[in-house]
Protein chains: 2
Amino acid sequence: MPVTIRDVAKEAGVSTSTVSKVLNNWSSISPGTCDRVHEAIKKLHYTPNARAVSFAKGASHNILFLSSLKKEEAYRNPHMFDILCGVRRTLADNGYTLMLTDLPDTPGPQEYLTGLIVNGIADGILIHGSCSFPQLARLLTENRFPHIHIGHPGPGSRMCWIDTNNGLAGQFAAQHMLECGYEKVAFIGERKTDHISTQRLNGFLGGMYDYGYRIPDEYIRYTDSTREDACRQTHQLLSLPVPPRAIICENNMLALGVVKALREKQLHIPDETAFLTFDSYPYSSIIDPIPTVIDIDVYDLGVQAAEMLLRKLKNPSLLVQTYTTLPVLRQGQSTAPIH
Amino acid sequence: MPVTIRDVAKEAGVSTSTVSKVLNNWSSISPGTCDRVHEAIKKLHYTPNARAVSFAKGASHNILFLSSLKKEEAYRNPHMFDILCGVRRTLADNGYTLMLTDLPDTPGPQEYLTGLIVNGIADGILIHGSCSFPQLARLLTENRFPHIHIGHPGPGSRMCWIDTNNGLAGQFAAQHMLECGYEKVAFIGERKTDHISTQRLNGFLGGMYDYGYRIPDEYIRYTDSTREDACRQTHQLLSLPVPPRAIICENNMLALGVVKALREKQLHIPDETAFLTFDSYPYSSIIDPIPTVIDIDVYDLGVQAAEMLLRKLKNPSLLVQTYTTLPVLRQGQSTAPIH
DNA sequence: CTGAAAGCGCTTACAG
DNA sequence: CTGAAAGCGCTTACAG
């Protein structure tokens, strides 16, 4: 019932090989033949059967995106879906489709993933860090399956990966604070074990150090990641013999607590005490005053991950291990130059 | 290089047809043969080529999910991705893959979508309301392509659709308020033109009416959907000769404004004025006090949409047009029974 | 219960 | 520049 390449060949008065060549832009086809085939295609509303094409070509032109897709994941981790959208954009622009999957807990993630790799449903895979597991690197490299791991996979991994540059984001924060004229800057982070928080803190300390400033230990605070704790820690900072002139909050939730404390102390923001936070999500739009933010474009992270993977498809030996996606400063009203 | 059905057949000493039948659980195969084939499969680590299977069977066992996937969509509309996760769960449980796509703006969405439908890359499609366009219904029904539209497609549509029951959510709100003993209940909604807000409002009014209460016009407020406007409208409500005992906020942002106004008036929540909001996302976790919420499980909406579609695949004539996914009340501290 | 054979709709050396 | 033919790896009537 559906129109095939044979119908087109008959209509155009050529062989199916020729139609196929026209479809695949072979240079050997004469302009006249090319036109006739295209007319026949248009006349018959022919669309190549995607299943047959990928079967005959031995390639799916499809990419797997592996990530955690649990209930309410979208609220806990919207960044991942922003990455996904960036991936999808790049793939679509390059004629690739995107298939979304997660790891089952029952039959063992390894077997499942190996099946997906071996059965040829996709030409490559993007793995979000939320879905990593110990044997993943071995599985991918042994099968020589083109992949990019989104997020640093830990030291010494042979996987290909890309990640955002959180250390640089910390440096940007330091630089902005110094440009405003704030020299006494405190940092309120998450738990001491949190990776991203640590990277940002180290970037910040390094950035300050580069300009000749050393941050005293009592200016560095760890929290249990709640508003209340951030508020409490801020009060402690403000009670120091030499309180900070500005505070860096590692995330939006902490910023809410910092603002609360500053209000309670009736300190003017930013004239008396300034602050800055990372990420504009999820609360920056409702924090008053509008916070200055060091933001990371994770959509772009997705775009770049997909580009890397497509490059690897053409050149499988390519080793990609890179920090990418630069942070961006969004000036708000919570910092301002001292004059 | 990769192991095929022929290798398995040779190893097991049977024909490829027999291997295929074992793979597809044909009942005619003798237990002994079946075992030998399975052993060969295990020994050779055979995995069927997914591309070949779908080509030979003439079905992809793949479902398209069509939705808006623009940059920062994940922050603006995380609900959609929660739906997506529900869809993915159901499809995976039933042996289907999920392909994610959006509509391009350049070559015309119709041509693009028709191409996807005709080229056989998927057996059916789920369309999120964010991606609807005028000729969509005609396109799908003319091609007889199995589909479910997530979200009401407007009156008189011949499409299959499912949606959340926002009217019922409004009724639940009314019922809860009355159960607490609040009779004078106001409603702060979005713009008058907002569909969801209107449905919830109508459900609320109907629910109150069913119990014999009629809400006066001045208790119904429309806003520009900002905190500030919600705060302003709340002040106006509180200045009425007979102020409301409780307020229903159509979304979290409005609830923030309402709380601000109640604080400014130094009214105790819920002893003097109670409130309730719809959706626990995005701010309910940071609203103080913890709000009572009428929540809708949109992950479940995805689950149900996928189930409907799979049912339609087996029975193409099935017409699905239904409100589903019941609202759930989550008791917080912003309402409490009067004693 | 099993197998030989045709076929799914394309692509791609190869020959001319 | 074009076409006949083999093949991609399965499935499925059909015959036995």
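This structure is a prediction, so every number in the text was calculated from the model and none was measured. Proteins come first, then strands; the chains are lettered A, B, ... in the order of their sequence lines, and each starts at number 1.
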I'd like to know if the side chain of B:Glu73 pairs up with that of B:Ser68 as donor and acceptor (distance under 3.5 Å, no hydrogens or angles considered). yes

With a non-hydrogen cut-off below 4.0 angstrom, is A:Thr33 in contact with a base, only sugar-phosphate, or nothing? sugar-phosphate

Considering heavy-atom distances to DNA chain C, does A:Pro48 or B:Pro31 have its closest nucleotide positioned more toward the 5' end? B:Pro31

Without decimals, in angstroms, what is the distance between A:Leu23 CG and C:dC10 C1'? 9 Å

Between P on D:dT12 and CG on B:Asn25, what's the gap in Å once rounded to a whole number? 13 Å

State whether A:Asn49 places a side-chain N or O below 4.0 Å from either non-bridging phosphate oxygen (OP1 or OP2) of C:dC8. no

Once rounded to the nearest 0.5 Å, what's the spacing between atom OG1 of B:Thr324 and atom CG of B:Asn165? 8.5 Å

Answer yes or no: side-chain N or O of A:Lys21 and base N or O of D:dG3 forming a donor-acceptor pair under 3.5 Å. yes

Nucleotide C:dA13, atom P - distance to NZ of A:Lys57 in whole Å: 12 Å

Main-chain N/O of A:Ser157 paired with A:Gln321 side-chain donor or acceptor, under 3.5 Å: yes

Between B:Ile41 (CD1) and D:dC10 (P), how many Å, whole number? 10 Å

Nearest to side-chain heavy atoms of B:Ser28, which nucleotide of C:dC10, D:dC10, C:dT2: C:dT2

Residue whose closest nucleotide on DNA chain D lies nearer the 5' end, A:Ser17 versus A:Ser27: A:Ser27

Nearest-neighbour nucleotide for the A:Thr18 side chain, D:dG3, C:dC10, C:dG7 considered: D:dG3

Taking atom C1' of C:dC10 as reference, at what distance in whole Å does atom CG of A:Asn24 sit? 9 Å

Write down the distance between CH2 (B:Trp26) and P (D:dA13), rounded to a whole number of angstrom. 7 Å

Whole-Å distance separating the CZ atom of A:Arg6 from the P atom of C:dC8: 8 Å

Secondary structure string for DNA chain C (Watson-Crick or G-U under 3.5 angstrom, | for other-strand pairs): |||.||||||||.|||

Classify the angle between the aromatic ring planes of B:Tyr323 and B:Trp161 as parallel (below 30°), tilted (30 to 60°) or perpendicular (above 60°). perpendicular

So does B:Tyr46 get a side-chain nitrogen or oxygen closer than 4.0 Å to the phosphate oxygens (OP1/OP2) of D:dC10? yes

Testing the 3.5 Å rule here: is there a donor-acceptor pair between the side chains of A:Asn119 and B:Thr47? no

Let's see if you can work this out: which of C:dG3, D:dT11, C:dT12 has an atom nearest to the side-chain heavy atoms of B:Ile5? D:dT11

With no hydrogens and no angle check, just 3.5 Å: does a side-chain donor-acceptor pair link B:Thr18 and B:Ser15? yes

By a 5.5 angstrom centroid cut-off and a 30 degree plane limit, is there stacking between B:Phe55 and C:dC8? yes

Note: for B:Ala52 and B:Ser30 on DNA chain C, the residue whose nearest nucleotide lies more 5' is B:Ser30

Report yes or no: does A:Thr101 contribute a side-chain atom to a donor-acceptor pair with the main-chain N or O of A:Leu66 at less than 3.5 Å? no

Grab the two heavy atoms, one from B:His79 and one from B:Val298, that are nearest each other, plus how far apart they are. O-CG2, 3.7 Å

Go through D:dT2, D:dT11, D:dA4 for me and flag the one nearest to the A:Ile29 side chain. D:dT2

